[in-house]
Structure formats: C-alpha cells, structure tokens
Amino acid sequence: MTIASESQLATVDASDMLGAIRTLPAQLREGYARARDARAAIGREWPHRERAGRPGPRTLIVCGMGGSGVGGDLLGAAFDVGVPVIAVKGYELPSWASEDDCVVCVSYSGQTAETLSCFRAAVDRATVSAVITSGGELGQLAAQHGVPVVGVQSGMQPRAAVGVLFGSLAGVAEALNVIDDAEDAIESAARAAQAVIDLHVGAGDQDGMTVQLEDDPPALAMARQITDATAVIYGTGMTVPIAWRWKAQINENAKHPAFANAYPELDHNEIVGWERAGACGRWAVIELLGPDILPQNRQRMDVTNGIIEDDLVASLRFQTTALDRAGATFELIVWGDYLATYLALVNGVDPTPVDRIQRLKQELAGA
Ligand code: F6R
C-alpha cells in the first residue's frame with residue numbers, strides 16, 4: 001500500500017516521529033548544557049593533562065550501540081578531533097585500552113548488554129570517564145563506581161534522541177580535551193538542523209514572512225522515488241558515518257532494507273556488483289556530499305554515476321549548504337531522518353516502533 005495524502009501520512013505516524021525530528025535543534029543545545037553540569041566532575045576524576053603529561057587522552061573510546069553509538073561515529077565528522085576517536089560497537093574494549101585512554105559509555109536506556117559489558121571492562125581497567133544515559137543499570141553502575149553521569153530525559157526512541165546524546169558527548173569530549181569550541185559548533189549544528197526542518201514544515205521565516213509549503217516536503221518527494229527500492233547510501237570523508245546513520249534510520253524507521261558504503265573504496269569493487277543489480281531487485285543510490293569533499297572524490301562520483309545509473313531506479317544526491325563540519329553533519333542528519341520517516345509513512349509503516357529489536361533483546365534476556 002502506498003499512501004498519498006498528508007492527512008493519511010499523519011495518521012500512520014502514530015507516535016509522532018516527525019515531531020521528534022523537530023526537537024533536534026533544542027536537543028543539541030540541551031545535551032551540551034547537561035554535559036556542562038558533569039564537566040567539573042569529569043575534570044576532577046580524570047585529569048589526563050596532569051596524569052599522562054599530554055593535553056588529552058591517547059584516544060577517546062565511545063562505547064554504544066545503535067542510536068546511542070552513532071555519536072561516536074559522528075564526533076569525528078562534526079569536529080576536528082585532537083586524538084583518535086574509536087567507536088566500539090560490541091561487548092569488548094580494544095585489548096590496548098588502558099588508563100591512558102578515556103572511555104565514554106552511551107546507552108539511552110542504560111540497559112544495553114554490549115555497553116554494560118564495556119562499562120565493566122572499562123572500570124576494571126580504570127579508564128572509564130563518563131556515562132551518558134537516561135538511567136537503567138548503566139546509571140546505577142556509574143553511581144556505584146563514582147563515574148560522572150550526564151543524565152538525559154527518558155521516554156524517546158534512542159535514535160530520535162541523537163541530538164541530546166550528541167550534544168552531551170560533545171560536552172564530555174570537550175571536558176576531556178579531545179575537541180575545542182564545542183559550544184559554537186553545537187550552535188551551528190542546531191541552526192543547520194533548524195534550516196532543514198523549516199524546509200519541511202513550511203515555517204521558514206523569510207523577510208519577516210512565514211513561508212507555507214505549497215508542494216510536498218522535499219524529503220517526502222524523494223521518499224516517493226524510492227518506495228520499493230533497496231536504498232544504498234554512499235558517503236565520502238566526513239559523510240561516511242552519516243551514510244551509516246541514514247542506512248540505520250531507513251532500516252529502523254521505514255523497516256526497509258538499506259546499505260551504506262564509501263567512496264573511493266567502492267570504486268574498486270562495488271561498482272562491478274551493480275552489473276547484475278536488475279536481476280536482484282530494485283535499487284536506489286543516495287550520495288552525501290559534505291563541504292570539504294575532495295575534488296578527486298567528486299569526480300569519481302560523477303563518473304561512477306554515469307556508469308551505474310542504468311542499473312538503478314533512482315539516483316539522488318545531497319550537497320550540504322552549511323560550510324562548517326558540525327553544521328553540515330546535522331544538516332544531513334535531519335535530511336536523512338526526514339527521508340527515512342517519510343519513506344515509512346508513504347509505505348503505510350509507523351516509523352516509531354522497532355518490534356524486532358525489542359523481541360531480540362527479550363529473547364536474548366530469556367524473557
Ligand atoms: C532504537 C534504537 C536502537 C537502540 C539500540 C541500543 O530507537 O535506536 O538502535 O539505540 O538498541 O539501545 P540503547 O540506545 O538504549 O543503548
């Protein structure tokens with residue numbers, strides 16, 4: 001079933017995922033402010049400057065899964081990080097992790113098995129610096145071990161809380177001397193997010209006039225082009241982790257198959273795989289271009305498109321308008337969230353519930 005009218009779309013969005021997207025700018029600012037309260041504790045507990053004779057830790061390790069883990073990937077996209085940021089998405093810390101490194105554990109629910117396992121390992125190795133959570137077992141364990149906690153409000157889907165989780169992580173990373181000027185960057189991210197929201201809700205204020213949308217919101221028009229196609233998201237440089245976020249949002253919101261890959265590597269393998277794409281279904285490629293794209297990679301995208309376009313039902317491209325990395329990151333995040341949500345709605349799918357994730361967690365917990 002493909003849904004056409006705006007009122008039908010609103011009925012399908014029973015838990016208001018579109019409304020959650022509109023909160024992202026405020027979430028970013030709130031997350032950064034929440035981290036501010038924990039910063040003194042972070043500095044007191046983990047004075048790496050004095051301890052290791054360096055201006056920051058050797059690495060920042062961000063442990064978290066799904067919507068909570070994505071911040072670890074996005075940090076390096078949005079900021080010029082001073083040390084390697086390693087996103088751990090599993091049960092174990094890297095074997096080399098020690099007290100020279102800082103571990104931050106992020107779990108919206110505080111109940112995620114992999115993140116709890118990493119937290120325990122990080123406590124054992126005296127390397128855990130902070131926890132970002134709405135509570136749960138992770139919140140309790142952190143309190144028990146005297147680990148600084150950035151508390152976020154419960155009641156959202158973790159992936160829809162990306163703004164507050166990312167703002168919090170940026171505040172923590174700044175306190176650990178991994179990034180600088182986080183407040184300005186978060187503000188820029190919030191403004192860029194708002195600009196995309198305005199394009200979609202028709203509330204953009206131009207020259208003192210409120211602009212109403214006359215046509216479909218732009219991401220809805222794009223979603224209509226890929227309703228029955230597997231989406232493949234391509235990034236390059238800073239947009240690679242954002243391509244993974246789009247993939248995950250299309251999976252979770254639209255309950256739709258999606259995959260991600262990166263230029264220039266895909267030009268050395270995946271480009272050949274498209275030859276039999278038609279025999280394997282219908283496919284759409286979406287490319288994400290950031291402000292600092294290398295000219296060589298842009299040329300590759302153009303040439304690759306010319307070679308594969310006949311194998312695809314749609315080929316879409318997003319070029320950011322924000323010129324800074326934090327702004328460009330959240331400009332693309334919001335576009336991706338809208339596209340994934342509208343793709344759900346046009347296919348008659350409620351974007352909010354993720355029954356299969358819940359079922360899996362319950363079965364693994366033996367419930
Ligand atoms: C659900 C979602 C999931 C969760 C993941 C980990 O909206 O985004 O990817 O984020 O299952 O759970 P939390 O975030 O509670 O640690």
Side-chain angles (χ1 to χ4, degrees), residues 13-21 23-24 27 31 34 61-75 87-92 103-122 128 130-142 147 149-169 172 241-260 333-334 336-341 343-344 349-365 367:
D13 191 10
S15 304
D16 197 19
M17 184 59 84
L18 288 173
I21 297 173
T23 68
L24 283 172
Q27 282 191 35
R34 283 178 182 253
I61 301 171
V62 182
C63 305
M65 307 302 298
S68 292
V70 69
D73 302 320
L74 295 178
L75 205 60
V88 169
K89 293 162 191 283
Y91 290 90
E92 293 178 308
V103 171
V104 178
C105 293
V106 189
S107 169
Y108 186 78
S109 63
Q111 296 295 96
T112 299
E114 298 93 318
T115 315
L116 288 166
S117 164
C118 286
F119 177 85
R120 292 193 179 95
V128 64
V131 152
I132 301 170
T133 185
S134 69
E137 193 176 341
L138 187 61
Q140 284 168 11
L141 283 173
V147 173
V149 177
V150 182
V152 299
Q153 220 171 351
S154 61
M156 300 182 79
Q157 279 291 335
R159 64 189 186 283
V162 65
V164 72
L165 295 174
F166 185 78
S168 301
L169 182 62
V172 168
I242 305 168
W244 280 95
R245 162 78 181 182
W246 280 48
K247 172 232 178 301
Q249 287 296 85
I250 291 172
N251 294 151
E252 291 185 65
N253 283 9
K255 287 75 175 162
H256 197 94
F259 301 90
I333 292 285
V334 177
D337 283 13
Y338 270 123
L339 181 68
T341 303
L343 183 58
V349 171
D350 183 349
T352 302
V354 278
D355 294 346
R356 289 192 174 191
I357 296 178
Q358 299 312 339
R359 177 180 155 193
L360 179 97
K361 287 182 179 179
Q362 279 162 7
E363 286 189 18
L364 289 174

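One-based numbering, in listed order, for ligands and for the atoms of each. Because the structure is predicted, anything quoted here is derived from the model rather than measured.
With a 4.5 Å cut-off on side-chain heavy atoms, Thr133 and Val106 do not count as touching. Under the 4.5 Å side-chain criterion, counting only non-hydrogen atoms from C-beta, Arg159 is not in contact with Val70.
Looking only at heavy atoms of the protein, atom 2 (C) of ligand 1 is closest to Glu252 OE1, 3.1 Å. The protein heavy atom nearest to atom 15 (O) of ligand 1 is Ser109 OG, 2.6 Å. Protein heavy atom in closest approach to atom 12 (O) of ligand 1: Thr112 OG1, 3.0 Å.
A salt bridge is defined here as a Lys NZ or Arg NE, NH1 or NH2 lying under 4.0 Å from an Asp or Glu carboxylate O, and Glu252 with Arg356 fails to meet this definition.
Near Gly67, meaning under 4.0 Å from any of its heavy atoms, are these atoms of ligand 1: 3 (C), 4 (C), 8 (O), 9 (O), 10 (O). Interface of Gln157 with ligand 1, defined as ligand atoms under 4.0 Å from a residue heavy atom, comprises 1 (C), 7 (O). Annotation for ligand 1: atoms under 4.0 Å from non-hydrogen atoms of Ser107 are 13 (P), 15 (O), 16 (O). Within the listing of ligand 1, atoms 9 (O), 10 (O) sit less than 4.0 angstrom from a heavy atom of Gly66. Within ligand 1, the atoms closer than 4.0 Å to a non-hydrogen atom of Lys361 are 5 (C), 6 (C), 11 (O), 12 (O), numbered from 1 in the order shown.
For the residue pair Lys255 and Asn251, no side-chain donor N or O sits within less than 3.5 Å of a side-chain acceptor on the partner.
Summarising the contacts of atom 6 (C) of ligand 1 with Gln358, Met65, Gln111, the nearest heavy atom is found in Met65. For atom 14 (O) of ligand 1, the nearest non-hydrogen atom from the set Gly64, Ser68, Gly110 comes from Ser68.
The closest donor-acceptor contact from the side chain of Tyr108 to the backbone of Gln153 lies under 3.5 Å. Within the 3.5 Å criterion, the main-chain N or O of Gly163 finds a donor-acceptor partner in the side chain of Gln27.
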(request) Check the pair Asp73 / Trp244 against side chain to side chain contact (heavy atoms under 4.5 Å, CB included), numbers first and verdict last. (result) CA-CA 9 Å; Asp73 302 320; Trp244 280 95; 5.5 Å; no
